Amino acid sequence: MFDNVWLIPLFPLIGFLINGLLGKKIKNETVIGSIGALAVFASFIVSVMTFIKLIGLPTAERSVNVKIFTWMTAGTFNADIAFLIDPLSCLMLLVVTGIGTLIHIYSIGYMHGEEGFYRFFAYLNLFVFSMLLLVTGNNLLLMFVGWEGVGLCSYLLIGYYFHKKSAGDAGKKAFVMNRVGDFGFLLGTFTLFWWLGQNHGIWTIQFTELASNANLFPTGGVVTIITLCFFLGATGKSAQIPLYTWLPDAMEGPTPVSALIHAATMVTAGVYMIARMSYLFIRSPETMMTVAVIGACTAFFAATIGTAQNDIKRVLAYSTVSQLGYMFLAMGVGAFTAGVFHLMTHAFFKACLFLGSGAVIHSMHGALHHVHSHDDAQDMRNMGGLAKYMPMTYGTFLVATIAIAGIPGFSGFFSKDEILWQAFANPLHGGLNMLLWGLGACAALMTAFYMFRLVFMTFHGSCRIKPGAEKHLHESPMVIVFPLIVLAILSIVGGYIGLPKLIGDLFGGIPNYLEHYLEPVFANANAYIQAHTHHGHHSHALEWGLMGTSVVIAVVGISVAYLLYIASPEIPKKFTSAFPALHRAVYNKWYIDELYDFLIVNPCKALGRFLWKGFDVLVVDGIVNGVAHVVMAFGGVIRYMQTGQIYNYAWSMAFGVVVIIGYYLFK
């Protein structure tokens, strides 16, 4: 039934090969861009067909392994090139290929005229291929191939402008920090494989087999070690404390890259991995608490930094880190469906926001170029009043901003509110729940504030661009605007497939379609929660109260942003003058990068220099070169005995005879 599923990752791989090998000869941007976009769109069509087939099956049968061929076999170990088709992987397929298609279309217009146009689309296709391999692989090893693939592609795309040192450094930073997390992923895989095989004779890394044997895993103990190792991998890929600092620097890449990384691919990999292995994570209370706390702290901490940034893409980058924190918070409190729900809605509005910021930057670059200005086209302090020049970009951007702020009726409200409710009412963490909810609520307040701060500074007020440049500001072409419109629509309607029961009952009992759809995936984890926790009763009044509180929080954040940047724009300057140290600390990201440089990077560099100059040069090279010098010196003496002249040979023989006689005389 699912025999064609292998085509889903194959199409982007073919696009990568065509553009990568022949793109330089093709040269035509329309052809190159069309190949890249059509490759991903073809995957989207097959993904839709696969999804339709899946939901046509009985609920209990919605998990199918499609084996392509045997990859490797060694003793009791076996790994196949095989795909797992179930509700979770199908949802991810639709998100990755659907949004990936829109980003490819957008890139045709955005990257027009760029050197290495073919290379960019080749990398994009490879990125999508790797992510598709990650979300469809039916075993940990195949998932890891995709896991490493997206890490490689992030390095290539972040450092796309490799002639810029900052871009090269950002690419290396992303690559190295992800290797730290990947080490944890490998340790978790090895330990899981060894423990299950050694103790129960089940040598497998296949997800369905692991899930069917989940009852063999104890609570805590070795499971805590395994899941913490996997979580270390997730913190690297999904940019959580302490491995989050690479993601804001990833803004050095072209804007479509930022949209692809933040919305549809790489950073969602860690969330997906935990959701995929929920049956394992739920068996470690310590890991679940760690995931919840790290997620809540990341959501709050990144939001504080976002309030003071002036680079439009950097604000969105810290917003992504914060929103990923919400997803991990959901995973840590056992609300796996809510976490996946927010992953999906966030993909819609964050892709729209990044692509919208790219449209703004595109127009700003053109306008500043016309007046020969070197002002920063990404600095919001150089913008203002762009709504009248770019009405369609403004409208779509505003919709996505309302969605991420959590205003009722938009997708972000439903998914974020569900996470906050689960953080407050979950049965796993007891007295910690209030703290988790409080951190999430504060992050929501700051999110509404800094996102509307971005909107007001960029699109409202007077235009602050270089005099004379404003007449060159214009709306982007439809190849750029069309994806924005589609994503804005999804940012509105995308949340209605996951209506909370409380709201669904108001409209005649509309079910939570997403919860029912994902129920088979999380049945094992949910059954464990039901069996091992005490569920207290929470009234509908409490749930309505918390929902109303989250709405009030969003409105307050928006109102404060309006007060500071529209009604009384002089207040921020007064605040920064009154609290210069605080503003500097937040603006400089709490000096975390500097702290890492001091504690880790510089000591590692110093150790490297010592091993180079102190050990390699003095000891290793000293020994090797010393031996060479001794041999050369000895050879220099011996060579005088081999001159071809008879009297030298006679003297050598005489000397030898004297030495031998002397040896026996004085022995």
Side-chain angles (χ1 to χ4, degrees), residues 164-167 169-170 173-174 177 239-252 258 294 296-325 357 361 364 374-384 439 442-458 460-461 464-465 556-603 605:
K164 290 171 55 181
K165 185 178 184 303
S166 57
D169 290 344
K173 185 176 184 179
M177 294 195 78
Q240 297 295 284
I241 293 173
L243 300 178
Y244 72 92
T245 57
W246 69 268
L247 189 56
D249 288 0
M251 298 305 98
E252 290 290 340
S258 303
I294 291 293
C297 290
T298 303
F300 175 83
F301 185 73
T304 64
I305 300 175
T307 60
Q309 302 306 305
N310 294 316
D311 185 305
I312 188 171
K313 287 176 63 177
R314 198 165 288 273
V315 175
L316 296 177
Y318 280 105
S319 168
T320 298
V321 177
S322 182
Q323 296 303 309
L324 287 166
S357 72
I361 295 167
M364 287 286 294
H374 297 289
D375 288 348
D376 188 351
Q378 297 183 194
D379 194 324
M380 296 184 296
R381 293 171 294 185
N382 297 328
M383 301 177 187
L439 288 171
C442 290
L445 174 66
M446 287 185 283
T447 299
F449 167 74
Y450 66 67
M451 285 306 304
F452 271 87
R453 170 182 178 264
L454 184 156
V455 169
F456 294 145
M457 289 183 69
T458 303
H460 290 260
R464 298 179 295 277
I465 197 171
V556 169
I558 297 170
S559 301
V560 172
Y562 179 84
L563 172 66
L564 298 183
Y565 293 94
I566 297 296
S568 304
E570 71 281 355
I571 295 180
K573 295 179 181 178
K574 293 180 180 179
F575 180 85
T576 54
S577 299
F579 303 98
L582 176 62
H583 177 261
R584 276 197 307 272
V586 178
Y587 179 76
N588 288 292
K589 303 157 286 184
W590 298 108
Y591 297 104
I592 298 299
D593 281 304
E594 289 78 5
L595 180 64
Y596 283 0
D597 285 344
F598 178 75
L599 294 178
I600 301 172
V601 177
N602 292 335
K605 287 182 178 178

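All values reported here derive from a predicted model rather than from experimental measurement. Along the sequence shown, residues are numbered consecutively beginning with 1.
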Looking at CG of Leu564 and NZ of Lys574, how far apart are the two atoms once the value is rounded to the nearest 0.5 Å? 11.5 Å
Where is the tightest heavy-atom contact between Pro603 and Asp597, given as atom of each residue plus distance? CD-O, 3.7 Å
State, to 0.1 Å, how close Ser258 and Ala250 come at their nearest heavy-atom pair, and which atoms those are. OG-O, 4.2 Å
Sub-4.5 Å side-chain heavy-atom contact between Thr245 and Lys589: no
Side chain proximity check, Tyr244 to Phe301, heavy atoms < 4.5 angstrom: yes
Closer than 3.5 angstrom, by distance alone: can the side chain of Ser322 be matched with the main-chain N or O of Tyr318 as a donor-acceptor pair? no
Above 12 or not: heavy atoms from other molecules or residues under 6.0 Å from CZ of Phe300? no
So do the side chains of Trp590 and Leu595 get within less than 4.5 Å of each other, counting heavy atoms only? no
Could you check whether any side-chain heavy atom of Tyr596 comes within less than 4.5 Å of a side-chain heavy atom of Pro242, counting everything from C-beta outward? yes
Nearest 0.5 Å, what's the CG-CD distance between Asn588 and Gln309? 8.5 Å
State, to 0.1 Å, how close Asn382 and Met364 come at their nearest heavy-atom pair, and which atoms those are. O-CE, 3.6 Å
Taking all non-hydrogen atoms of both residues, which atom of Leu324 and which atom of Gln240 are closest, and how far apart? CB-NE2, 3.4 Å
Any chance you could measure Asn310, atom CG, to Met457, atom CE, to the nearest 0.5 Å? 5.0 Å
If we only count heavy atoms from C-beta on, is the Tyr450 to Thr447 side-chain gap below 4.5 Å? yes
d(Ile566 CD1, Arg453 CZ) to nearest 0.5 Å is 12.5 Å
Can you confirm whether more than 12 heavy atoms, excluding those of Lys164, are under 6.0 Å from its NZ atom? yes
For the atom pair NZ (Lys313) and CE (Met380), what is the distance rounded to the nearest 0.5 Å? 13.5 Å
Shortest non-hydrogen contact from Leu243 to Trp246? O-CD1, 3.2 Å
Answer whether the closest heavy-atom distance between the side chains of Ile558 and Tyr562 falls below 4.5 Å. no
Aromatic rings His583 and Tyr587: how do their planes relate, parallel, tilted or perpendicular, breaks at 30° and 60°? parallel
Please determine if Asp249 and Arg314 form a salt bridge, counting it only when a charged side-chain N lies under 4.0 Å from a carboxylate O. yes
Heavy atoms of other groups near Tyr591 OH, more than 12 under 6.0 Å: yes
Looking only at non-hydrogen atoms, find the nearest pair between Thr307 and Val586 and report the distance. OG1-CG1, 3.9 Å
Interatomic distance, CG@Asp376 vs CG@Asp311, rounded to 0.5 Å, equals 6.0 Å
Leu454 side chain near Leu316 side chain, heavy-atom distance below 4.5 Å: yes
